[in-house]
Amino acid sequence: NFTMESDLSSAFVHRALRSQERREVQREILSVLGLPRRPRPHSPERRTAAPIYMLELYNAALEPAASGFSRAAAAPVLAPAPPSAPTRRDQRYLSDADMVMSFVNMVEPDEDPHMFHQFHRFDLSRIPEGEAVTAAEFRVYKDFVHERYENETFHVSVYQVLREYDDRDSDLFLLDSRVIWAAEEGWLVFDLTATSNHWILHPGQNLGLLLVLESADGDRVNPRVAGLVGNQGPQNKQPFIVAFFRATGVRLRSVR
Amino acid sequence: SAPGHKQRNQNRPKTPKHTPPSSQEALRLAEAAENVSVDPKQGCKKHELYVSFRELGWQDWIIAPEGYAAYYCEGECAFPLNSYMNATNHAIVQTLVHFINPDSVPKPCCAPTQLHGISVLYFDDSSNVILKKYRNMVVRACGCH
């Protein structure tokens with residue numbers, strides 16, 4: 001009898017599921033994954049920078065050596081070589097995180113016609129319950145500049161927009177700044193941990209980020225001139241935010 | 001340890017011959033102890049159950065993995081437990097008490113003894129990307145509890 005039961009059980013596992021069973025299985029797995037229903041993204045583009053970077057993180061998480069990175073020193077802020085490769089600092093964040101999330105830039109390319117700064121806005125309000133931010137980064141790609149600026153340095157500043165006005169400039173709060181060489185290439189990483197926590201608590205105060213570039217003389221420069229890629233650049237180099245989360249408590253599944 | 005048993009024994013007339021209990025359990029115990037009737041096929045074992053996100057039609061929102069081998073545990077926890085499977089100390093006690101009182105105490109269960117997690121990479125409704133670690137998703141080893 002046992003052999004027969006065992007054979008039946010194997011047959012059950014390997015046969016194709018009927019549509020009703022399939023729906024039940026889908027519902028059960030979604031429940032295990034902690035999702036109320038299956039997400040329905042609007043034709044997501046997998047070749048943009050954020051999914052590529054997240055896939056690199058996923059692969060890094062699979063590697064057994066990944067945990068070794070957690071004890072390594074932080075990598076230089078400007079990461080060369082593969083455009084989306086996670087830095088050692090990201091690996092450290094990853095090993096401590098329960099969840100990592102990248103956010104799509106909400107600003108359409110034609111919404112940001114400014115010559116002397118880049119404007120970015122990210123919706124951080126849709127975060128799964130029970131998750132707290134441990135680190136967040138704003139990542140902007142810097143292309144190599146071949147032209148006359150090659151030996152120059154620039155000053156990059158990232159500001160949080162605090163208040164907007166119709167008749168004058170917005171109130172800004174400087175988050176981070178650094179000097180870059182025109183000849184450098186790679187991802188610029190700005191720490192956004194405090195700001196992202198603030199935005200999650202107060203979504204109404206999320207008015208976006210402003211990236212400003214100045215020459216060594218203090219003159220405003222078009223970021224594109226120095227190779228900083230904005231929303232109009234190649235998809236795999238467009239700016240995005242990545243945040244690392246830890247679960248704040250025991251996640252209980254609802255009774256069904 | 002059941003006091004009722006002791007009282008009944010005291011009331012019985014003493015017989016020089018030991019009469020084994022007529023239940024099948026005693027026979028099975030003896031046979032199992034000699035390792036005669038233990039069929040390795042019946043032992044608590046791990047079987048593969050592959051959960052394919054592709055077959056579920058979820059490729060549009062799950063980026064990776066394509067699926068995962070979830071496994072499940074199946075089989076009987078028959079005495080002696082440690083001859084062919086992982087068994088907890090509790091399972092041994094459970095077996096002994098089951099032999100004493102088979103009608104009210106069940107055998108130990110074949111269940112996962114080691115679990116490990118997986119990571120899933122997926123899009124949410126806003127096309128943000130989420131990488132989430134899920135603990136205790138995959139059975140690494142089965143045993144008797």
Side-chain angles (χ1 to χ4, degrees), chain A residues 2-3 5-6 9-10 12-14 16-17 22-23 25-26 28-30 32-35 37-46 48 50-55 57-59 61-62 94 97-104 106 122-128 131 240-245 247 251, chain B residues 37-78 107 110 112 115-139:
Chain A
F2 177 82
T3 311
E5 279 169 19
S6 181
S9 145
S10 303
F12 173 78
V13 170
H14 291 106
L17 297 172
R22 187 189 170 92
R23 277 196 294 275
V25 168
Q26 287 179 335
E28 291 297 334
I29 294 173
L30 284 172
V32 168
L33 296 178
L35 298 170
R37 58 175 178 76
R38 56 156 294 175
R40 297 208 176 270
H42 304 291
S43 55
E45 179 53 71
R46 289 167 188 244
T48 53
I52 294 171
Y53 169 82
M54 294 293 282
L55 195 56
L57 272 189
Y58 171 84
N59 289 327
L62 293 183
L94 177 64
D98 295 306
M99 187 181 93
V100 188
M101 192 166 174
S102 71
F103 296 90
V104 171
M106 307 292 285
F122 303 89
D123 182 6
L124 272 64
S125 64
R126 295 183 185 180
I127 290 173
E131 303 283 352
F240 65 95
I241 283 180
V242 59
F244 298 81
F245 298 85
R251 194 178 293 117
Chain B
S37 69
V38 177
D39 181 356
K41 287 179 188 169
Q42 292 185 27
C44 175
K45 281 190 173 169
K46 189 175 80 171
H47 297 272
E48 184 168 301
L49 175 70
Y50 189 77
V51 177
S52 169
F53 293 140
R54 180 180 289 274
E55 281 178 21
L56 292 173
W58 284 353
Q59 315 93 297
D60 60 331
W61 65 279
I62 292 191
I63 302 168
E66 275 194 10
Y68 64 98
Y71 304 113
Y72 65 97
C73 301
E74 188 196 34
E76 198 178 346
C77 291
K107 278 185 173 184
C110 175
L115 294 157
H116 72 132
I118 62 165
S119 296
V120 182
L121 185 67
Y122 62 93
F123 286 106
D124 69 3
D125 289 332
S126 309
S127 297
N128 299 322
V129 182
I130 297 175
L131 171 60
K132 206 164 180 178
K133 296 176 187 171
Y134 293 97
R135 291 185 174 84
N136 302 334
M137 288 284 281
V138 175
V139 175

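Just so it is clear, the model here is predicted, and its values are computed rather than measured. Here is how names work: the chains are called A, B, and so on, in the same order as the sequence lines, proteins then strands, and each is numbered from 1.
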(message) For the interface with chain B, which of A/Met101, A/Arg126, A/Arg38, A/Arg40 has the highest count of heavy-atom pairs at distances below 4.5 Å?
(response) A/Arg38
(message) Could you measure the distance from the CZ atom of A/Phe240 to the CG atom of B/Asn128? Nearest 0.5 Å is fine.
(response) 12.0 Å
(request) Locate the shortest heavy-atom distance separating A/Pro39 from B/Phe123; write the atom from each residue and the value. (result) CB-O, 3.4 Å
(request) Report the distance from atom CG of A/Leu33 to atom NZ of B/Lys132, rounding to the nearest 0.5 Å. (result) 8.5 Å
(message) How close do B/Arg135 and A/Asp98 get, counting heavy atoms only, and between which atoms?
(response) NH2-OD1, 3.0 Å
(request) Taking the side chain as every heavy atom from C-beta outward, state whether B/Ser126 and A/Phe103 have any pair of such atoms under 4.5 Å apart. (result) no
(request) Against chain B, work out which of A/Pro51, A/Ala97, A/Pro41 has the most heavy-atom pairs shorter than 4.5 Å and name it. (result) A/Pro41
(message) On a heavy-atom basis, which atom in B/Val129 and which in A/Met54 lie closest, and how many Å separate them?
(response) O-CE, 3.5 Å
(request) Assess whether atom CD of A/Gln26 is packed by more than 12 heavy atoms of other residues, nucleotides or ligands within 6.0 Å. (result) yes
(request) Return the option, out of A/Val25, A/Asp123, A/Leu35, A/Val242, with the maximum number of heavy-atom pairs under 4.5 Å with chain B. (result) A/Leu35
(request) Return the minimal non-hydrogen interatomic distance between A/Leu55 and B/Ala64, and the atom names on each side. (result) CD1-CB, 4.2 Å
(message) What part of A/Ile127 gets within 4.5 angstrom of chain B, counting heavy atoms only: side chain, backbone, both, or neither?
(response) neither
(message) Please enumerate all residues that pass salt bridge (Lys or Arg N to Asp or Glu O under 4.0 Å) together with A/Arg37, with sequence neighbours excluded.
(response) B/Asp125
(request) May I have the step-by-step check of side-chain contact (heavy atoms from CB on, under 4.5 Å) for A/Leu30 and B/Trp58, ending in yes or no? (result) CA-CA 11 Å; A/Leu30 284 172; B/Trp58 284 353; 3.8 Å; yes
(request) May I ask you to name which of B/Leu131, B/Ile63, B/Val120 has the most heavy-atom pairs under 4.5 Å with chain A? (result) B/Leu131
